[in-house]
Amino acid sequence: MAEPIRVVVTGAAGQIAYSLLYMIARGEVFGKDQPIVLHLLDIPPMVGVLEGVVMELADCALPLLVEVVPTTDPAVGFKDVSAAFLVGAMPRKEGMERKDLLSANVKIFRTQGQALDKFAKKDVKVLVVGNPANTNALVCSSYAPSIPRENFSAMTRLDQNRATSQIAAKLGVPISAVKNIIIWGNHSSTQYPDAGQGKVTANGAEKSVVDAVNDTAFLQGSFVETVQKRGAAVIAARKMSSAMSAAKAACDHMHDWWNGTAPGQFVSMGVFSDGSYDSPKDVIFSFPVEIKNKQWKIVSGLTLSDFAKTKLSVTGKELQEEKDEALSVLDSNVSNL
């Protein structure tokens with residue numbers, strides 16, 4: 001049996017973590033032969049709930065789960081972790097503007113970045129789930145200068161999963177038949193779900209999603225809008241934000257980062273932009289990536305339609321504005337943001 005790895009989940013008493021912890025401890029992320037020590041970090045008012053979560057994890061009798069470390073102290077939570085799921089954030093409530101979210105969350109992710117820098121392994125993989133995820137990841141990385149910035153990413157896999165599901169339903173094929181549906185930009189209503197790179201396998205043959213759907217009005221209209229607004233639709237229906245699907249997406253994201261992508265398969269990750277596809281540099285921007293040996297690489301050379309380029313410009317502008325706003329909230333002298 002391999003040596004156990006330490007994995008931290010923040011907001012561990014919350015809704016997303018409730019599904020996520022079980023999936024991690026079952027071996028769905030790091031492998032069925034990888035023992036895990038789970039660090040559960042949350043704020044002091046949630047200690048009672050956290051105790052209940054610890055009991056439930058014990059009652060699951062999961063063979064890979066070596067130890068559970070519940071804590072409210074970031075020094076304990078981030079100590080020697082190899083992977084971090086930063087789920088804990090100020091939640092978005094119905095009618096709440098992202099800008100209100102930003103100022104509350106910038107302070108949280110500054111603290112977590114400092115703790116990662118001081119206590120985590122230097123090759124830690126950090127996935128930011130808490131919204132606004134892209135800018136939270138940017139802030140977190142800027143306060144962890146000793147950890148390579150490519151080790152920080154924001155989750156847009158939920159959007160990719162939503163988009164893939166919409167295309168599979170439209171074509172009447174299983175989810176497994178559709179690949180390379182991509183999310184560009186911000187995890188917000190400006191994101192661009194792009195079916196233009198997608199492939200579908202039907203009757204043993206692979207063809208482009210664009211040809212299979214054969215409906216430009218759908219692909220540029222209701223498909224994009226449905227994915228962009230899905231989070232709000234879930235909140236309106238559940239009176240709470242996406243939890244089960246967000247947990248599954250976090251597992252998918254970290255699983256592929258850890259284990260790599262299949263040849264020819266792209267996945268969406270919010271990562272530091274190098275200016276590819278005319279995106280603004282040094283923001284966390286969702287790109288199609290391929291992953292090998294735990295290293296992601298932006299897929300280059302994809303052809304974008306004029307419609308797509310316009311959408312990328314809008315979401316890039318929003319990310320630049322969020323970054324500037326985060327800087328002003330921090331009132332900061334951090335030069336590397």
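The first residue of the sequence shown is numbered 1, and numbering continues consecutively from there. These numbers were taken from a predicted model, which means no experiment stands behind them. The analysis underlying the following values was restricted to heavy atoms, covering all of them including side chains, and did not include hydrogens, waters or symmetry mates.
- Using a 4.5 Å cut-off on side-chain heavy atoms (C-beta onward), Arg238 and Gln15 make contact.
- Shown here for Gln220 and Phe307, the closest heavy-atom pair between the two residues is O-CZ, 3.4 Å.
- Heavy atoms only, all atoms of each residue included: Ala154 and Leu127 are closest at C-CD1, 4.1 Å.
- Residues Arg162 and Ser242 have side chains that bring a donor and an acceptor to within less than 3.5 angstrom of each other.
- Residues forming a salt bridge (Lys or Arg N to Asp or Glu O under 4.0 Å) with Lys317 (at least two apart in sequence, or on another chain): Glu321.
- Atom NZ of Lys281 is surrounded by 12 or fewer heavy atoms from other residues, nucleotides or ligands within 6.0 Å.
- Across all non-hydrogen atoms, the minimal contact from Ala12 to Leu40 is CB-CB, 3.5 Å.
- A side-chain N or O of Asp159 and one of Gln191 form a donor-acceptor pair less than 3.5 Å apart.
- The two residues Pro4 and Val37 make their nearest non-hydrogen contact at CB-CG2, 4.1 Å.
- Under the 4.5 Å side-chain heavy-atom criterion for Ile, Leu, Val, Met, Phe, Trp and Tyr, Ile16 and Phe109 are members of distinct hydrophobic clusters.
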Please table the atom pairs, donor to acceptor, closer than 3.5 Å between any side-chain atom in residues 49-60 and protein atoms at least two apart or in another chain.
from: Glu56; atom 1: OE1; to: Tyr18; atom 2: OH; distance (Å): 3.4
from: Glu56; atom 1: OE2; to: Tyr18; atom 2: OH; distance (Å): 2.4

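- In this structure, the side chains of Val106 and Ile108 stay at 4.5 Å or more apart for every pair of heavy atoms.
- His187 pairs with exactly one of Val128, Thr135, Asn134 by the side-chain contact (heavy atoms from CB on, under 4.5 Å) rule, that one being Asn134.
- Put simply, the residue from Leu116, Ile147, Thr111 that forms a side-chain contact (heavy atoms from CB on, under 4.5 Å) with Cys140 is Leu116.
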Pairs under 3.5 angstrom only: tabulate donor-acceptor contacts from the side chains of residues 21-30 to other protein residues two or more places apart or in another chain.
from: Tyr22; atom 1: OH; to: Arg26; atom 2: NH1; distance (Å): 3.1
from: Arg26; atom 1: NE; to: Glu28; atom 2: OE2; distance (Å): 2.8

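- Residues Phe119 and Val126 fall within the same hydrophobic cluster, defined by Ile, Leu, Val, Met, Phe, Trp and Tyr side chains chained together at heavy-atom separations under 4.5 Å.
- If you chain together hydrophobic residues whose side chains sit under 4.5 Å apart, Phe272 and Trp184 never meet in one group.
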For side chain to side chain contact (heavy atoms under 4.5 Å, CB included), just list the numbers for Lys323 and Leu138, CA-CA rounded to whole Å, side-chain angles, deciding distance to a tenth of an Å, and then say yes or no. CA-CA 8 Å; Lys323 173 182 169 176; Leu138 181 82; 3.5 Å; yes
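- The same ILVMFWY cluster, assembled from side-chain heavy atoms under 4.5 Å apart, contains both Trp257 and Met155.
- Criterion: ILVMFWY side-chain heavy atoms under 4.5 Å apart, direct or through other members. Under it, Val283 and Leu327 are not part of a common hydrophobic cluster.
- No side-chain donor-acceptor contact under 3.5 Å links Asp256 and Thr261.
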Decide yes or no on side chain to side chain donor-acceptor pair (under 3.5 Å) for Ser189 and Gln228, but give the supporting numbers first. CA-CA 5 Å; Ser189 58; Gln228 286 176 337; over 6 Å; no
Which donor-acceptor pairs under 3.5 Å do side chains of residues 164-182 form with protein atoms, sequence neighbours excluded?
from: Thr164; atom 1: OG1; to: Gln160; atom 2: O; distance (Å): 2.8
from: Asn180; atom 1: OD1; to: Phe266; atom 2: N; distance (Å): 2.7
from: Asn180; atom 1: ND2; to: Gly264; atom 2: O; distance (Å): 3.0

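- At a threshold of 4.5 Å between non-hydrogen side-chain atoms, the residues Asp278 and Lys309 do not count as touching.
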Evaluation steps, side chain to side chain contact (heavy atoms under 4.5 Å, CB included), between Leu38 and Leu65: CA-CA 7 Å; Leu38 269 180; Leu65 188 55; 3.8 Å; yes
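- Under the 3.5 Å distance criterion, with hydrogens and angles disregarded, no donor-acceptor pair is assigned to the side chains of Asn136 and Asn131.
- Within 6.0 Å of atom CE in Met244, 12 or fewer heavy atoms from other residues, nucleotides or ligands are found, so the atom counts as exposed in its surroundings.
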From CA spacing to verdict: side chain to side chain contact (heavy atoms under 4.5 Å, CB included), Phe287, Ser268: CA-CA 6 Å; Phe287 291 101; Ser268 305; over 6 Å; no
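- Residue Tyr192 comes nearest to Ala308 through the heavy atom pair CE2-CB, 3.4 Å, listed as atom of the first residue, atom of the second, then distance.
- For the side-chain contact (heavy atoms from CB on, under 4.5 Å) test with Phe285, the passing option among Val271, Leu312, Ile298 is Leu312; the others fail.
- Taking every heavy atom of both residues into account, Asp117 and Tyr143 meet most closely at CB-O, 3.7 Å.
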What's the verdict on side chain to side chain contact (heavy atoms under 4.5 Å, CB included) for Ser188 and Glu318, showing C-alpha distance, side-chain angles and the deciding distance? CA-CA 9 Å; Ser188 77; Glu318 182 183 60; 2.5 Å; yes
Please output the side-chain donor-acceptor pairs of residues 67-86 that fall under 3.5 Å, not counting sequence neighbours, one pair per line with the distance.
from: Thr71; atom 1: OG1; to: Asp73; atom 2: N; distance (Å): 2.9
from: Asp73; atom 1: OD1; to: Ala75; atom 2: N; distance (Å): 2.9

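- Listed by first and then second residue, the side-chain hydrogen bond (donor to acceptor under 3.5 Å, both in side chains) pairs that reach into residues 285-308 are Thr156-Ser286, sequence neighbours excluded.
- Checked by atom type and distance alone, the side chain of Ser279 pairs as donor or acceptor with a backbone atom of Ser276 at under 3.5 Å.
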